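Here's the structure we're looking at; comments come further down.
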There are 2 protein chains.
Amino acid sequence: MTINHAILGILSCRPMTGYDIKKIIQESDIMHWSGNNNQVYKALIELHGEGLVISEVRYQESLPSKKIYTVTEEGLKVLREWTALEPEPAELRKPFLLQLKWADVLDGAQLQALLANYENQIRICLAMSREKARRGDGLKPRSSRESFLWKMIDKNAVSTYQNELDWIQGVQKQLSELDAGGADKLELQDS
Amino acid sequence: MTINHAILGILSCRPMTGYDIKKIIQESDIMHWSGNNNQVYKALIELHGEGLVISEVRYQESLPSKKIYTVTEEGLKVLREWTALEPEPAELRKPFLLQLKWADVLDGAQLQALLANYENQIRICLAMSREKARRGDGLKPRSSRESFLWKMIDKNAVSTYQNELDWIQGVQKQLSELDAGGADKLELQDS
DNA sequence: TGTCTCATGTAAGGGGTTACATGATTCC
DNA sequence: GGAATCATGTAACCCCTTACATGAGACA
């Protein structure tokens, strides 16, 4: 999976400029690239060189001229082939889990603060993913099947964060029960 | 979060060699680095230069000599400080979702195959995370509180994959219902 | 004979990131 | 006056990855 595939997909919805593509990538959660100029414009030049997209320059008064990119038949073919491939495995990077791994070096209050902090963060992510699902990403589904798929993608984000929220709340609850009921069992407690 | 923090944490459990650290990182799910030589040995040199770890060379007959690294008080302080920091936001990279985003270019059979493929992949991840939780990572918890935290970390992985499995099964089920009941509503179907 | 484990290190390259550069218009 | 939008592109850098290099013993 490279940003080139993402760009081909975006352009398959409608022709647009690198600037438009950049914004879509930046606002998307499933496209994990930053959407910086270097990447997007370089990728477009590459795709153009491979004949997967064509570009048409449109001059504008009092605004910089734009290059409008369109996918070619060849580009659609590459997109179709990539889409059907065995998916690359997901990479779930949760730095918080690594902090939690060594969190026994913290005292009770610090640990509670860390957990509460993460819960709050996840709440925000959950709210944002709901909001993004409501707003959409500026692309229009081309069929009812595509509309269904895109709704499912939004639901994936929401349910992922909801699951994480349930988990962190469980951790907090069980920890408070441990602190209350089983204090005598804990060996390294200072308080 | 850098690999240096992960290494400080690992060494806080017990002194060991770069080679040992490498294996722990490679087998860990929450440490997302590949654990290649370049990274680990370079990080150890850096940590040593900063006085966060010290090393002792042990010569062995008929085996290469090893450098056994130990965290210093200063290193533990840095670990404690980092652990209590505001967690960096999670990065969830699911290439499959990007394939699904453009999957309307596929026909019905191809889409079903893609979904089934992902379900299978997630099943394997779920089984592996359960197995890893059972086996442990070779580090011994230093307190019952740490033991609890590590169990929760394992549960996080399991519940994440379980949630993903439930989701992909829901997608498949709803899609088959759409195909069966609402076929007339779909505009781009070839069959 | 070939491959694996132990054990440390280096080299080369790819991909991603931020920041710079231009330049007119619009909005506060 | 300063910042944001539109629009394209470049430069420098950092992190991470694979692959190479050494070299002895164990195992099939």
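Lettering of chains follows the sequences in order, A, B, ..., and the numbering in each one begins at 1. Just so you know, these numbers come straight off a predicted model, no measurement behind them. Because only heavy atoms are used, hydrogens play no part in the values below, and waters and symmetry mates are left out as well, while side chains stay in.
By the side chain to side chain donor-acceptor pair (under 3.5 Å) test, B:Thr17 pairs with B:Asp20, sequence neighbours left out. In this structure, B:Ser176 has no side-chain contact (heavy atoms from CB on, under 4.5 Å) partners at least two apart in sequence or on a different chain. Every residue was checked against the side chain to side chain donor-acceptor pair (under 3.5 Å) condition with B:Lys77, not counting sequence neighbours, and none meets it. B:Lys101 pairs by the side chain to side chain donor-acceptor pair (under 3.5 Å) definition with A:Asp137, not counting sequence neighbours. Remark: A:His32 pairs with no residue by the ring pair (Phe, Tyr, Trp, His ring centres under 6.0 Å) rule, at least two apart or across chains. In terms of the side chain to side chain donor-acceptor pair (under 3.5 Å) criterion, B:Asp154 has no residue partners (sequence neighbours excluded). The side-chain contact (heavy atoms from CB on, under 4.5 Å) test applied to A:Arg134 returns A:Glu131, not counting sequence neighbours.
OP1 or OP2 of C:dC6 lies within a sub-4.0 Å distance of a side-chain N or O belonging to B:Lys23.
Nucleic acid contact for A:Thr17: sugar-phosphate only, since backbone atoms but no base atoms lie under 4.0 Å from a heavy atom of the residue.
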Hey, can you pull the donor-acceptor pairs under 3.5 Å for the side chains in residues 112-120 of chain A, sequence neighbours left out?
residue  : atom : partner  : partner atom : Å
A:Asn117 : ND2  : B:Glu86  : OE1          : 3.0
A:Tyr118 : OH   : A:Glu164 : OE2          : 2.7
A:Glu119 : OE1  : A:Gln172 : NE2          : 3.4
A:Glu119 : OE2  : A:Arg123 : NE           : 3.2
A:Glu119 : OE2  : A:Arg123 : NH2          : 2.8
A:Glu119 : OE2  : A:Gln169 : NE2          : 3.3

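With hydrogens and angles ignored, the 3.5 Å screen pairs no side-chain donor or acceptor of B:Ser65 with any backbone N or O of B:Arg58. With hydrogens and angles disregarded, no donor-acceptor distance shorter than 3.5 Å links the side chain of A:Gln60 to the backbone of A:Lys66. Side-chain N or O atoms of B:Gln39 include none that pairs as donor or acceptor with a backbone N or O of B:Ile3 at under 3.5 Å.
The end-to-end axis angle of the helix from C:dT1-D:dA28 to C:dC28-D:dG1, rounded to 10 degrees and based on five pairs per end, is 30°.
Contacts between residues 25-51 of chain B and DNA chain C, counted as heavy-atom distances below 4.0 Å, involve B:Asn37, B:Asn38, B:Tyr41. Near-neighbour residues of DNA chain D inside residues 55-70 of chain A, defined by a heavy atom below 4.0 Å, number-ordered: A:Gln60, A:Pro64, A:Ser65, A:Lys66, A:Lys67.
For DNA chain D, the contact window with chain A, defined by any atom under 4.0 Å from a protein heavy atom, covers D:dT5 to D:dA12 in 5' to 3' order.
Across all their heavy atoms, B:Gln110 and A:Ala84 have their closest contact at NE2-CB, 4.4 Å.
Between A:Glu177 and A:Lys173 there is a salt bridge, with a side-chain nitrogen of the basic residue lying less than 4.0 Å from a carboxylate oxygen of the acidic one.
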